[in-house]
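Throughout, protein chains are lettered first and strands after them, A, B, ... in sequence-line order, and every chain is numbered starting at 1. The figures here come from the full heavy-atom set of this structure, side chains too, leaving out hydrogens, waters and symmetry mates.
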Number of protein chains: 2
Amino acid sequence: MKLTEAKEQFTQLWGALGSGWGINRTMAQVHALLLISEESLSTEDIMTQLSISRGNANMNLRELMNWNLVYKDIKAGERKEFFKAEKDIWEVAKRIARERKRREIQPLIASLNVLTDVDESNKEAKSFIQTVNNIHQVVTKMDAAVDTLIKVEENKFFGTIVKMFK
Amino acid sequence: MKLTEAKEQFTQLWGALGSGWGINRTMAQVHALLLISEESLSTEDIMTQLSISRGNANMNLRELMNWNLVYKDIKAGERKEFFKAEKDIWEVAKRIARERKRREIQPLIASLNVLTDVDESNKEAKSFIQTVNNIHQVVTKMDAAVDTLIKVEENKFFGTIVKMFK
DNA sequence: TTAATATTTCAATAAATCCTGAAAGTTTAA
DNA sequence: TTAAACTTTCAGGATTTATTGAAATATTAA
């Protein structure tokens, strides 16, 4: 396969993947493009390569920066801004996990707590509360598990072990 | 809070959550409704409680059955079909993980493999291949980690330990 | 076998989401 | 201070995705 073709396919693939996980396709494609570019790209580079408008490129770049997946890369003597992506995929995964935890899991846990404040105590209410508690428990444990994964490398002992496998 | 209100909010919450994760809102709401119902529900129950059409209810119920999250519950002497959800949330999580692995992660891994077949060998091509390999590696490891989690309870030794924490 | 009851399908429509492009805003070189 | 270069915003339009509802198909009681 030609490199150009492979890059093109990768961008498509990453975009399709994203849209299945609640990330908009273009944002994922912009991310893909930056992931496989050795050089930083300007907004215009991205517009050209993905055939998208300036507004769209700008919006998605900003959102990628909010997720800490992409940075501005100011070049000396250049007026334009350039962008580059974090290339370490493990780091990328951690940042996505961190962000989704913050944006979705933590509010979810808070809402679940509120829902157990039901002021009835018949069989039906008890069953409801139990289901909600059960969900609360599982979600909380998963949240904690993700934290452990994220932080494991910062831990002296486990960090060393994990690095051996990378 | 009143039970009715709490149930209503739970359904909303679960629906919003789903739509952020690539699952359509109504499907998640139908799931929520079944999760918190002690009794199995008929298509009409679901239509009424969520104010959705017959076609929509039917489609989403079928999809939930494809995911193994909901079953038909045939009642003796009843012509209608009733539906009930798997209530063990850990089991629910495992089934979702299993299904998404099968539908998305495994095809992704296969596609990534193909993309490293680039018939150029300059610096740019090498960098591209390295990025793709890096992604391949991380995705594969995560896939394996999820498998371990799913299977851990089937393991005599770890299974016992895990059950202690549940 | 019939007719009543249930379920499924799918074309048309509605709703949600995303993208465009031009105008407004900002920055910087001179 | 000006004007060119660049970035951001956002209303309107385009696209994608979800929903309706009625017709077709299937099932069952009698």
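At least one donor-acceptor pair closer than 3.5 Å links the side chain of A:Thr131 to the backbone N or O of A:Ser127. A:Ser37 places no side-chain N or O within donor-acceptor distance of the main-chain N or O of A:Ser40, the cut-off being under 3.5 Å.
Inter-residue side-chain proximity for A:Ile96 and A:Glu99 is flagged as unmet; no heavy-atom pair is nearer than 4.5 Å.
If you measure from atom CD of A:Glu78 to atom C1' of C:dT27, you get 15 Å, rounded to the nearest angstrom. Here the C1' atom of nucleotide D:dT19 and the CD1 atom of B:Ile46 are 16 Å apart, to the nearest Å. Atom CD in B:Glu63 sits about 14 Å away from atom C1' in D:dT17, given to the nearest Å. One atom, CE of A:Met47, and another, P of C:dG21, lie 9 Å apart when rounded to the nearest Å. Rounded to an integer number of Å, the gap from A:Ile74 CD1 to C:dT28 P is 9 Å. Here the P atom of nucleotide D:dT20 and the CG atom of B:Asn24 are 11 Å apart, to the nearest Å. Rounded to whole angstrom, the span from the CD atom of B:Glu44 across to the C1' atom of D:dT20 amounts to 16 Å. When rounded to the nearest whole Å, the span between CD of B:Glu81 and C1' of D:dA26 equals 11 Å.
With respect to A:Asp143 and A:Lys101, a salt bridge is recorded, a charged nitrogen being found less than 4.0 Å from a carboxylate O.
Taking the six-membered ring where the residue is Trp, B:Phe10 and A:Phe128 present perpendicular rings, their angle passing 60° and hence far from 30°.
Side chains of A:Glu104 and B:Trp21: a donor-acceptor N/O pair is present below 3.5 angstrom, by distance only. With no hydrogens or angles considered, a side-chain donor-acceptor pair links A:Ser42 and A:Asp45 at under 3.5 Å.
Of the residues in residues 49-60 of chain A, A:Ser51, A:Ile52, A:Ser53, A:Gly55, A:Asn56 come within less than 4.0 Å of DNA chain C through at least one heavy atom, sorted by number.
Between C:dA6 and B:Thr43, no contact under 4.0 Å exists linking OP1 or OP2 to a side-chain N or O.
With DNA chain D read from its 5' end, the first of the two nearest nucleotides for A:Ser19 and A:Lys72 is the one closest to A:Lys72. Take the nearest nucleotide of DNA chain D for A:Arg62 and for A:Arg25: the residue whose nucleotide is more 5' is A:Arg62.
Comparing C:dA6, D:dA5, C:dT9 by their nearest atom to the side chain of A:Arg79 picks out D:dA5.
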